[in-house]
Q: 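Have a look at the structure that comes next, please.
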Amino acid sequence: MRTELHFSAQDLALTRFAVSPMQEVVTSLRALAGSPVPALHRRWAGEVRGRLAAAGPALERLTALVPPTGHLPDFLDPAPAGFSPTLTEELAAITATGTEQVRADLDILAAEAGGRLPAVLAPLHRDPAGQLPRLAADLAAYWELALAPYWARIRALLTADVFHRSRQAAEHGTARMLGELHDTVRWDGTALLLEQRHCAVARLTAGAGLLLLPSAFAWPRVLTRVLPPDPPQLIYPARGTATLWERRPDAAARTDALAGVLGRSRARLLAELDSPASTTELAHRTGLSPAGASQHLTALRTAGLTSAHRAGHTVLHARTAVGDSLFDRGGPAFG
């Protein structure tokens with residue numbers, strides 16, 4: 001199916017970008033449900049699946065709500081009010097969703113599953129207002145386990161994509177930028193042509209403008225969301241996603257160089273955080289005592305080079321975007 005999304009001058013004037021944590025929650029849940037998981041994300045999936053096993057019923061509800069194929073509930077992806085909403089802001093918007101919209105999305109899921117809604121979603125269909133706060137808590141728990149430790153890296157990738165597209169629009173015009181978003185998206189001068197769509201996007205039923213959201217987990221597809229009165233959303237794979245989980249090949253050399261500034265123990269800890277890890281894991285890998293590792297990690301966190309995220313009973317440490325930049329020659333490798 002090919003969809004034509006026609007533009008007026010006002011639509012072009014109102015086209016904007018946003019980086020959405022909830023969009024990454026939804027698309028990463030779908031990536032995890034893939035069989036197999038997309039090759040680009042298998043390293044990430046291997047790291048987070050063990051943590052998610054402890055989520056129990058919460059994860060079961062989320063995987064039922066975001067199946068491997070088919071409809072993605074529109075109410076899970078509220079239109080971002082600004083360029084970079086927080087997860088808390090987006091969860092508040094989800095909690096405020098009207099009963100009719102929640103049930104409409106769940107009815108589509110039921111129809112695609114042969115007419116029966118998964119039992120774990122029945123309470124949400126029966127009492128959306130009463131169940132949405134619990135759903136928000138489930139989403140927040142998933143975020144802490146699967147995405148928060150990596151968010152600095154993911155957000156840097158998405159922001160770099162937006163900067164590239166914005167520069168492209170400034171240098172060559174909006175039409176060229178739109179035409180190079182993805183190989184299934186083409187600008188013909190008056191309309192944005194979306195190839196291989198499973199559902200139509202009708203401008204007459206959508207709000208003005210166009211909201212463009214780069215995504216690390218949407219690859220290899222372009223996703224759309226049309227929910228009046230919001231503008232249509234186009235979720236496209238961010239540039240450089242293939243490099244997102246790559247290990248820095250020159251980490252050892254960089255560790256030696258940073259040791260003169262940070263000290264060898266802190267430089268080694270920072271290098272080991274190519275993937276999020278607990279204090280105990282880091283102490284074991286580096287030969288430091290747990291108390292010593294904790295002390296150095298506190299110093300790195302205070303300096304803004306690492307962050308800490310609770311995953312159940314464990315605290316995971318991760319490099320921030322600033323910490324990551326110390327291991328990149330010539331800046332971030334975002335393609």
Side-chain angles (χ1 to χ4, degrees), residues 17-49 52 66 68-69 72 76-77 80 83-85 87 142-143 145-169 177-186 194-197 211-225 233-251 273-276 318-321 323-325 327-335:
F17 287 91
V19 170
S20 166
M22 265 308 304
Q23 186 59 244
E24 299 310 282
V25 167
V26 172
T27 52
S28 66
L29 277 165
R30 171 152 287 186
L32 274 175
S35 182
V37 172
L40 290 183
H41 299 302
R42 285 176 193 163
R43 179 183 162 202
W44 164 80
E47 291 180 5
V48 304
R49 274 181 165 156
L52 291 172
V66 183
T69 59
L72 290 173
L76 289 180
D77 290 316
F83 172 70
S84 184
L87 181 71
Y142 172 82
W143 167 268
L145 292 168
L147 293 179
Y150 307 91
W151 183 239
R153 180 179 295 192
I154 296 170
R155 190 181 187 282
L157 175 80
L158 304 183
T159 302
D161 180 275
V162 172
F163 286 163
H164 169 79
R165 308 290 178 185
S166 300
R167 185 173 64 248
Q168 189 178 42
M177 179 273 291
L178 291 172
E180 294 187 6
L181 288 172
H182 191 264
D183 58 10
T184 64
V185 178
R186 184 166 59 86
L194 309 177
E195 306 286 351
Q196 303 174 25
R197 304 306 306 146
L211 188 54
L212 301 170
L213 293 97
S215 172
F217 291 96
W219 184 91
R221 302 176 184 83
V222 167
L223 306 174
T224 55
R225 176 188 184 269
Q233 292 184 24
L234 191 67
I235 301 96
Y236 64 92
R239 297 173 74 253
T241 299
T243 69
L244 183 60
W245 309 118
E246 287 182 355
R247 296 186 183 277
R248 281 27 176 200
D250 61 343
L273 286 175
D274 195 58
S275 298
R319 284 201 303 249
T320 63
D324 258 346
S325 69
F327 286 84
D328 292 324
R329 292 190 186 278
F334 295 141

Q: Applying side chain to side chain contact (heavy atoms under 4.5 Å, CB included), name anything that partners Ser84, two or more places apart in sequence or on another chain.
A: Arg155

Q: Using side chain to side chain donor-acceptor pair (under 3.5 Å) as the criterion, list what pairs up with Gln233, not counting sequence neighbours.
A: none

Q: Roughly how far, to the nearest 0.5 Å, is CG of Leu29 from CG of Leu147?
A: 8.0 Å

Q: Return the CD1 to CH2 distance between Ile154 and Trp44, rounded to the nearest 0.5 Å.
A: 8.0 Å

Q: Counting only N and O atoms by type, is there a donor-acceptor contact under 3.5 Å from the side chain of Arg153 to the main-chain atoms of Leu244?
A: yes

Q: Looking only at non-hydrogen atoms, find the nearest pair between Ala318 and Pro149 and report the distance.
A: CB-O, 2.9 Å

Q: How would you list, by chain and number, every residue that makes a salt bridge (Lys or Arg N to Asp or Glu O under 4.0 Å) with Asp161, sequence neighbours excluded?
A: Arg165

Q: List the atom of Pro38, the atom of Ala31, and the distance in Å for their closest heavy-atom pair.
A: CD-O, 3.5 Å

Q: Considering only heavy atoms from C-beta outward, does the side chain of Leu32 approach that of Leu52 to under 4.5 Å?
A: yes

Q: Which atoms form the tightest heavy-atom contact between Pro21 and Leu87, and what is the distance?
A: CG-N, 4.0 Å

Q: Suppose we screen for side chain to side chain contact (heavy atoms under 4.5 Å, CB included). Which residues come up paired with Pro237, at least two apart in sequence or across chains?
A: His182, Trp219, Val222

Q: Can you tell me how far the CG atom of Asp324 sits from the CZ atom of Arg319, to the nearest 0.5 Å?
A: 4.5 Å

Q: Has Arg30 got a side-chain atom pairing as donor or acceptor with Val66's backbone, closer than 3.5 angstrom?
A: no

Q: Measuring from atom CG of Asp77 to atom CD1 of Ile235, what distance do you get when rounded to the nearest 0.5 angstrom?
A: 6.0 Å

Q: Using a 4.5 Å cut-off on heavy atoms from C-beta on, say whether the side chain of Leu234 contacts that of Leu211.
A: no

Q: For the OG1 atom of Thr27 and the CG atom of Leu223, what is their distance to the nearest 0.5 Å?
A: 7.5 Å

Q: Heavy-atom distance under 4.5 Å between the side chains of Trp143 and Met22, does that happen here?
A: no

Q: Is any side-chain heavy atom of Met177 less than 4.5 Å from a side-chain heavy atom of Leu212?
A: yes

Q: For the backbone of Leu213 and the side chain of Gln23, can you confirm whether one donor and one acceptor N or O come within less than 3.5 Å of each other?
A: no

Q: Would you please name every residue forming a side chain to side chain donor-acceptor pair (under 3.5 Å) with Gln168, sequence neighbours left out?
A: Glu180

Q: Where does the angle between the aromatic ring planes of Tyr236 and Phe17 fall among parallel (under 30°), tilted (30 to 60°) and perpendicular (over 60°)?
A: perpendicular

Q: List the atom of Phe217, the atom of Ser215, and the distance in Å for their closest heavy-atom pair.
A: N-OG, 3.2 Å

Q: Could you work out, with side chain to side chain donor-acceptor pair (under 3.5 Å) as the rule, every residue matching Tyr142, not counting sequence neighbours?
A: Ser28

Q: Does some side-chain heavy atom of Val185 sit less than 4.5 Å from a side-chain heavy atom of Leu178?
A: no

Q: Flag yes if more than 12 heavy atoms outside Phe163 fall under 6.0 Å of its CZ atom; otherwise flag no.
A: no

Q: Would you say His41's side chain and Ala216's backbone share a donor-acceptor pair under 3.5 angstrom?
A: yes

Q: Measuring from Leu145:CG to Arg49:CZ, what's the distance to the nearest 0.5 Å?
A: 14.5 Å

